[in-house]
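Note that these values count all heavy atoms, side chains included, but never hydrogens, waters or copies made by symmetry.
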Amino acid sequence: MKHLKRLLVGKPLKSEENDEQSLSKFAALALLSSDALSSIAYGTEQIVVVLVTLSVAAIWYSLPIAAFVIILLVSLTLSYRQIIHAYPHGGGAYVVSSENLGEKAGLVAGGSLLIDYMLTVAVSVSAGAEAIISAIPALYGHQVGISAVIVLLIMMVNLRGLRESASFLMIPVYTFIVIIIALIFVGLFKITAGIVPLNATAVPGTAISGISLALILRAFSSGSSSLTGVEAISNAVPFFKKPRAKNAAATLAIMAMILGFFFVGITFINYWYGIVPEKEVTVLSQIGEAVFGHGFLYYLLQFATAFILAVAANTGFSAFPVLAYNLAKDKFMPHMYQDRGDRLGYSNGIITLAAGSIVLLFIFQGSTERLIPLYSIGVFIPFALSQSGMVVKWYNEKISWLKKSFANIVGAFISFAIIVILFVYRLDDIWPFFLIMPVLLFIFYKIHDHYQNVSEQLRVEEAVKLHKYKGNTVIVLVGNVTKVNIGALDYARSIGDTVIAMHVSLEEDVQKEKQIENEFKNLFPGVHFTAVRTSYRSIENPVIRYVDLVSKEARKQDHTTTVIISQFVPRHRWQNILHNQTNLRLQFRLSWRQHIIVSTYSYHLKK
């Protein structure tokens with residue numbers, strides 16, 4: 001398994017190589033904008049699909065609807081640029097909402113985005129599978145299987161690290177950008193040259209019998225799904241090269257200009273050419289065939305669309321782990337989501353996202369049309385909360401707040417309007433969201449309560465007295481100064497005359513290491529404190545090397561070396577530490593009067 005992991009994921013990277021993994025604007029555009037850019041493959045189609053439920057003549061309404069979508073795009077882009085500069089450490093809507101609107105609003109935003117990123121992956125790969133099936137009809141009926149395979153492949157790419165996933169994405173993303181630019185320019189050239197006359201189902205201004213505001217609003221809310229992914233860059237600011245905020249804001253602006261041009265161009269060409277949605281062929285596929293014919297460029301468009309829709313899921317894989325990290329840092333998700341993997345990515349978040357997305361694909365049978373409404377509500381709630389949070393922030397700062405918050409006010413108003421529209425007109429499609437969110441919030445608070453309870457039990461509130469006895473060399477693995485450490489060190493003093501408190505720290509955590517060392521010196525006089533640094537975010541090898549060194553010295557005096565695990569160390573780790581260490585005597589105790597903890601799971605010490 002170890003060799004297979006190395007083959008699939010690659011060799012571990014040192015912590016100090018993290019800056020080398022940072023992204024340039026060119027690479028970040030591919031990695032973080034693929035979701036937003038790919039949405040033009042179905043954004044226009046979602047508008048038209050709603051309109052044709054009344055009449056094909058109603059397609060002309062897609063033009064004014066597209067104009068309002070662009071207004072929302074401009075507002076969101078300006079707002080998220082402000083968020084990037086105001087919160088350069090990332091976190092996006094969760095951090096903005098938590099700081100300015102309160103904890104509950106932040107958790108609603110964070111929970112919505114967690115769901116939305118799973119839906120991002122599910123929608124992207126299902127739409128990619130549909131594009132593949134449009135080009136190869138023989139694959140019809142195998143959409144779920146194709147989608148699940150694509151998710152697993154993207155997961156493996158992300159586990160290999162930022163730079164490798166960005167490098168992998170550049171070819172499909174920039175191929176798609178080039179082919180869509182060609183599609184729009186060729187389509188517009190044929191229109192202006194008179195090669196393609198107006199084939200629209202109705203000219204603008206035509207009165208359509210039965211048209212209603214409700215239908216227009218439904219079409220607008222569906223078309224606004226094209227803007228999902230706009231927030232991803234604000235969540236992932238730490239991924240950029242320095243100056244991070246400046247590069248992230250520039251990348252967001254570039255992405256927004258490309259997205260706006262694509263959306264308007266595709267919508268106009270769809271109207272002019274009179275394209276009507278069909279069941280087994282996407283609207284973009286029909287536009288490609290009308291503009292390019294059925295030759296090489298058409299197939300290049302189809303496969304470029306399929307690839308970018310598939311890799312658009314990568315935006316979720318980039319943003320979900322960072323959001324999970326921020327929630328875990330605030331103790332609303334398990335701390336394992338703060339751990340970096342061998343390739344410096346947040347591997348637990350990546351794997352969790354892949355598993356959740358595959359479950360959604362099977363539940364909804366890979367249907368993009370059924371996933372889109374949930375996708376929209378999941379992203380517009382954070383949009384609305386983040387815009388409102390920025391309005392509150394500017395108001396509290398009292399410096400030109402109305403001027404600064406104008407874009408936020410517009411964005412918040414439209415976002416809340418879309419939420420109301422979805423709630424009123426698409427409740428049959430989005431009701432699962434309102435069941436999932438309360439459950440998710442309950443889980444957040446239960447996790448937070450657990451960490452608070454454990455923290456209270458571990459806190460050292462008074463001076464520590466240790467008993468001194470004679471014995472041999474004892475090494476106690478320690479994390480922070482807690483009641484567990486007190487019990488473990490007391491026990492260590494009862495069996496040994498040389499007690500060593502050993503702490504493993506990351507090379508970049510020098511300040512934290514000094515703080516822990518000072519606490520130990522003050523609280524545990526007579527106990528030797530040793531800090532061993534690691535570059536690979538793992539305790540196994542540093543502990544084994546140090547224990548070997550101490551054991552050799554102890555054997556010279558005919559002493560036995562005992563290792564006590566006095567912190568929450570996963571079972572596989574302490575098994576690795578003690579594997580083949582025949583000269584050691586391990587003190588195995590599971591919650592022995594709060595003294596020694598060797599456990600796979602954290603639990604209340606009083607149990």
Side-chain angles (χ1 to χ4, degrees), residues 39 42-43 45-51 53-54 58 61-62 64-66 68-69 71-73 75-76 79 92-94 96-97 101-102 104-120 122-123 210-231 360 363-364 367-392 408-444:
S39 61
Y42 52 81
E45 182 170 5
Q46 291 301 312
I47 295 175
V48 176
V49 164
V50 174
L51 293 173
T53 58
L54 175 64
Y61 283 100
S62 63
I65 289 172
F68 279 100
V69 172
I71 291 172
L72 179 56
L73 172 62
S75 174
L76 290 175
S79 179
Y94 166 66
V96 175
S97 302
L101 301 177
K104 290 182 180 178
L107 291 177
V108 169
S112 299
L113 282 173
L114 288 179
I115 297 169
D116 182 64
Y117 289 135
M118 288 187 181
L119 288 164
T120 294
V123 168
I211 194 71
S212 65
L213 179 62
L215 185 72
I216 298 296
L217 293 176
R218 285 185 62 196
F220 172 64
S221 66
S222 295
S224 297
S225 63
S226 297
L227 306 185
T228 52
V230 170
E231 83 294 337
L360 285 173
I363 291 174
F364 291 93
S367 172
T368 305
E369 188 175 348
R370 292 172 63 193
L371 286 164
I372 285 289
L374 278 173
Y375 187 36
S376 299
I377 191 69
V379 77
F380 277 103
I381 286 177
F383 276 174
L385 290 174
S386 63
Q387 307 310 303
S388 303
M390 290 303 291
V391 172
V392 172
N408 307 129
I409 292 171
V410 173
F413 175 78
I414 298 177
S415 297
F416 276 116
I418 291 173
I419 292 170
V420 172
I421 293 166
L422 289 169
F423 188 79
V424 173
Y425 298 113
R426 305 297 294 270
L427 185 60
D428 290 345
D429 299 316
I430 66 173
W431 64 265
F433 181 87
F434 296 101
L435 293 181
I436 295 170
M437 272 307 299
V439 174
L440 197 56
L441 290 173
F442 175 78
I443 293 171
F444 286 157

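Residues passing the side chain to side chain contact (heavy atoms under 4.5 Å, CB included) test with Leu441, sequence neighbours excluded: Leu107, Val108, Met437, Phe444. Remark: Ala219 pairs with Ile47, Val50, Leu51, Ile65 by the side chain to side chain contact (heavy atoms under 4.5 Å, CB included) rule, at least two apart or across chains. Residues meeting the side chain to side chain contact (heavy atoms under 4.5 Å, CB included) test with Phe68, sequence neighbours left out: Ile71, Phe220. With sequence neighbours left out, the side chain to side chain contact (heavy atoms under 4.5 Å, CB included) criterion links Ser212 to Ala214, Leu215. Every ring pair (Phe, Tyr, Trp, His ring centres under 6.0 Å) that Phe423 has, sequence neighbours left out, goes to Phe434.
The side-chain heavy atoms of Leu217 and Val424, taken from C-beta on, include no pair separated by under 4.5 Å.
Expressed to the nearest 0.5 Å, how far CD1 of Ile421 lies from CZ of Phe416 amounts to 13.5 Å. Taking CD1 of Ile377 as the start and OG of Ser112 as the end, the distance is 8.0 Å to the nearest 0.5 Å.
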For residues 379-389, which side-chain donor-acceptor pairs fall under 3.5 Å, sequence neighbours excluded?
{"from": "Ser386", "atom 1": "OG", "to": "Tyr80", "atom 2": "OH", "distance (Å)": "3.2"}
{"from": "Ser386", "atom 1": "OG", "to": "Pro382", "atom 2": "O", "distance (Å)": "2.9"}
{"from": "Ser386", "atom 1": "OG", "to": "Phe383", "atom 2": "O", "distance (Å)": "2.9"}
{"from": "Gln387", "atom 1": "OE1", "to": "Ser79", "atom 2": "OG", "distance (Å)": "2.3"}
{"from": "Gln387", "atom 1": "NE2", "to": "Ser79", "atom 2": "OG", "distance (Å)": "3.3"}
{"from": "Ser388", "atom 1": "OG", "to": "Ala384", "atom 2": "O", "distance (Å)": "2.8"}

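Residues Ala109 and Ser97 share a closest heavy-atom pair of CB-OG, 3.8 Å. Smallest separation of non-hydrogen atoms from Gly106 and Tyr94: O-CD1, 3.1 Å.
Screening Asn408, Ile409, Val410, Leu227 against Ser75 for a side-chain contact (heavy atoms from CB on, under 4.5 Å) leaves a single residue, Val410.
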